[in-house]
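The chains referred to below are lettered A, B, ... by the order of the sequence lines, with proteins before strands, and numbering in each begins at 1.
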Number of protein chains: 2
Amino acid sequence: MTEATRRDRPRVDTEREIRREARRLLVEQGREAVTLRAIARHLGITAPALYRYYDSREDLLQRVIDDVCLDLAAELTADLVAVGEEDMLGGVFAVCRGFRRWALAHPQEFTLVFASPAEQEPEAAPCAFGGAGKLVQPAKDQFGRIFLSVASKVLATHQLPAPSDEEVPEQLRADLSGFRDTLVHTLVQQGIELPDQALSLGTVYFMLQFWVRLYGHVALEVFGRFPFAVSNAEPLFESMLTELAGAIQAA
Amino acid sequence: MTEATRRDRPRVDTEREIRREARRLLVEQGREAVTLRAIARHLGITAPALYRYYDSREDLLQRVIDDVCLDLAAELTADLVAVGEEDMLGGVFAVCRGFRRWALAHPQEFTLVFASPAEQEPEAAPCAFGGAGKLVQPAKDQFGRIFLSVASKVLATHQLPAPSDEEVPEQLRADLSGFRDTLVHTLVQQGIELPDQALSLGTVYFMLQFWVRLYGHVALEVFGRFPFAVSNAEPLFESMLTELAGAIQAA
DNA sequence: ATCGGGTTGTAAACGCCGTTAACTCTCCGT
DNA sequence: ACGGAGAGTTAACGGCGTTTACAACCCGAT
């Protein structure tokens, strides 16, 4: 099953170089400039050769998105370890600031990953034989999951403020509960042992609300869509973090 | 100066029909499908003829964006009047819910207008002769201005909660102050008389913060980018509005 | 009545693009 | 030595934005 590693090495190298060049074009000139012919030109080959590696331009772009997500996750994780295990609030801040810094430094990648209409899942083709198996959502690394899986690691292992108990809207509880299970499962898989009933529903709800604010601020700043010219949005961002800190401290 | 109106009428009709078709393509198949040749085909002309009306595809798209903004503003204003002049909180709610409803009903238009990297203003080419005149920012109708100009009308004329006094970050005060002046100017122009020192800096700051949340929620919902599958985001949205109401009631 | 210019359209072309099909060539296992 | 798989090529199709040159038309001025 793994006897092909030798012959396959140049192949994955080429695959990586294609994505590297695709990403360079994305960063420097935006999504529309990521063109099969431009990539091929830079690699010294012709465009149809790329079809040996990717099904289509859209397929290639999706792989690039995955790469970007991995990089972002790595960067946020690095920020997190740099701040030290014990400093919980500092960890949350580091992830938030890291996300903003990354988005501002990589606006095209942010736009591609976080601000493109995501195709809704294709309605789960019904299985004629009732084979509704486990259907574990595959990683789907994307999205705020990057952020929240890191943030939840911090929040869950530090017995947080318990910001609210059951004032979370009833219709959201099922979704939140499912998401909590996913988070717990992810954390356990990473070898993190959890306190007894860590991650209350209220905590997950709190994280979701804060993700809305974090994403809103970053997207508005990247897109330059504040309702007026903000000469420096950092104080606004920092005041949001301060407010977060206040809410957490009021355990 | 206006003697050409008669002869120009067919021209603006054609201009409108072009944008109408462009918008149909945008709504039905997304931005990339808005193609000069497709538009021309539908109008029974050839693509180069469109250059008699718009400088380029990019120029046409910008005009479409302006149209979309006008429609959105009109829709929100209609929502606002439907709720009645006296019901302040209802007015704010109506605008917020209207914005969400519009965004969910017009995802492609929302993406184009609210989630595309806006070209930063070109650094204000320096005038050699120090002719730094008034430089009143032209309407630039776009963005949250649509929302905020409506919301501020409500907030300013109803002597709001005074949600905070001078706890707004120092570095934001200049920007906020300038924006407040713009808002006041706009409102006065609309014939709305303002209380003495309406629209405190804290009120504008509050509106800005809430715009971040409103935009964040709507964008996440349109893009399907919540960190987990949310079967119905409306309760989350409504809880945000409830929180807003609480903050306002605590005058 | 005719001229001339502005307005609105056309056809042809250029150089891009994604994608497909048919083909070479090279390597490697049998 | 053969044959197939892998990786690349060339040629082509249709579509795209855009430019250029040219035709038709309206309309006011001579």
Side-chain angles (χ1 to χ4, degrees), chain A residues 1-65 108 112 116-117 119, chain B residues 1-65 108 112 116-117 119:
Chain A
M1 212 180 271
T2 58
E3 78 282 353
T5 45
R6 232 166 305 139
R7 213 186 41 182
D8 276 20
R9 183 127 62 97
R11 167 151 187 118
V12 339
D13 282 357
T14 305
E15 280 177 0
R16 262 211 302 269
E17 198 175 2
I18 291 172
R19 292 202 302 271
R20 205 173 62 87
E21 176 63 13
R23 208 158 153 187
R24 199 183 62 84
L25 290 167
L26 171 67
V27 167
E28 293 179 4
Q29 308 179 58
R31 162 172 188 151
E32 315 230 319
V34 181
T35 235
L36 294 186
R37 294 185 128 105
I39 296 169
R41 265 193 302 269
H42 197 264
L43 299 207
I45 60 179
T46 60
L50 295 177
Y51 284 81
R52 299 283 174 198
Y53 301 91
Y54 299 96
D55 289 345
S56 68
R57 174 178 184 263
E58 230 33 62
D59 178 40
L60 168 59
L61 275 175
Q62 187 54 56
R63 310 305 177 96
V64 170
I65 287 178
Q108 301 285 0
L112 185 63
S116 303
E119 64 284 5
Chain B
M1 212 178 272
T2 58
E3 78 281 352
T5 44
R6 231 166 306 139
R7 214 187 42 184
D8 277 20
R9 186 130 62 97
R11 167 152 188 117
V12 337
D13 280 358
T14 306
E15 281 177 1
R16 262 211 302 268
E17 199 177 0
I18 291 172
R19 292 203 301 271
R20 205 174 62 88
E21 177 63 14
R23 207 156 154 188
R24 199 183 61 85
L25 290 167
L26 172 67
V27 167
E28 292 180 3
Q29 309 179 55
R31 164 174 187 148
E32 315 231 317
V34 181
T35 235
L36 294 186
R37 294 185 129 106
I39 296 168
R41 265 193 300 270
H42 197 264
L43 300 207
I45 60 179
T46 60
L50 296 177
Y51 283 81
R52 300 287 174 195
Y53 301 91
Y54 299 95
D55 289 345
S56 67
R57 174 177 184 264
E58 230 33 61
D59 178 41
L60 169 59
L61 275 175
Q62 186 55 56
R63 309 305 177 97
V64 170
I65 287 178
Q108 301 286 0
L112 186 62
S116 304
E119 65 284 2

Gap separating the OH atom of B:Y53 from the CZ atom of B:R19, nearest 0.5 angstrom: 12.5 Å

Partner of A:Q108 under side-chain contact (heavy atoms from CB on, under 4.5 Å), chosen from A:L25, A:V27, A:L26: A:L26

Atom-to-atom span, CZ of A:R11 to P of D:dA5 - whole angstrom: 15 Å

Nearest non-hydrogen partners of A:R57 and A:V34, listed with the distance: NE-O, 2.8 Å

Minimum heavy-atom distance between B:I45 and B:A49, given as atom pair plus value: CD1-CB, 4.0 Å

Inter-axis angle, terminal five-pair segments of the helix from C:dA1-D:dT30 to C:dT30-D:dA1 [nearest 10°]: 20°

Length of the line joining A:L43:CG and D:dA7:P, which is rounded to integer Å: 14 Å

Those residues of residues 16-26 of chain B lying under 4.0 Å from DNA chain D by at least one heavy atom: none

Enclosure of A:R24 CZ (heavy-atom neighbours >12, cutoff 6.0 Å): yes

Spacing between A:Y54 atom OH and C:dT20 atom P, to the nearest angstrom: 17 Å

Minimal non-hydrogen separation, A:L50 against A:L36, with atom names: CD1-O, 3.2 Å

Short side-chain to backbone donor-acceptor contact, A:Y54 and A:E15, under 3.5 Å: yes

Heavy-atom closest pair, residues A:V64 and A:A22: CG2-CB, 4.0 Å

N-O pairing of B:R37 and B:E21 below 4.0 Å: no

Under 4.0 Å protein heavy-atom contact, by nucleotide of nucleotides 8-21 of chain D - B base, S sugar-phosphate only: BBBBB---BBBB--

Chi angles and distances behind the side chain to side chain contact (heavy atoms under 4.5 Å, CB included) call for A:T14, A:R11: CA-CA 5 Å; A:T14 305; A:R11 167 151 187 118; 5.9 Å; no

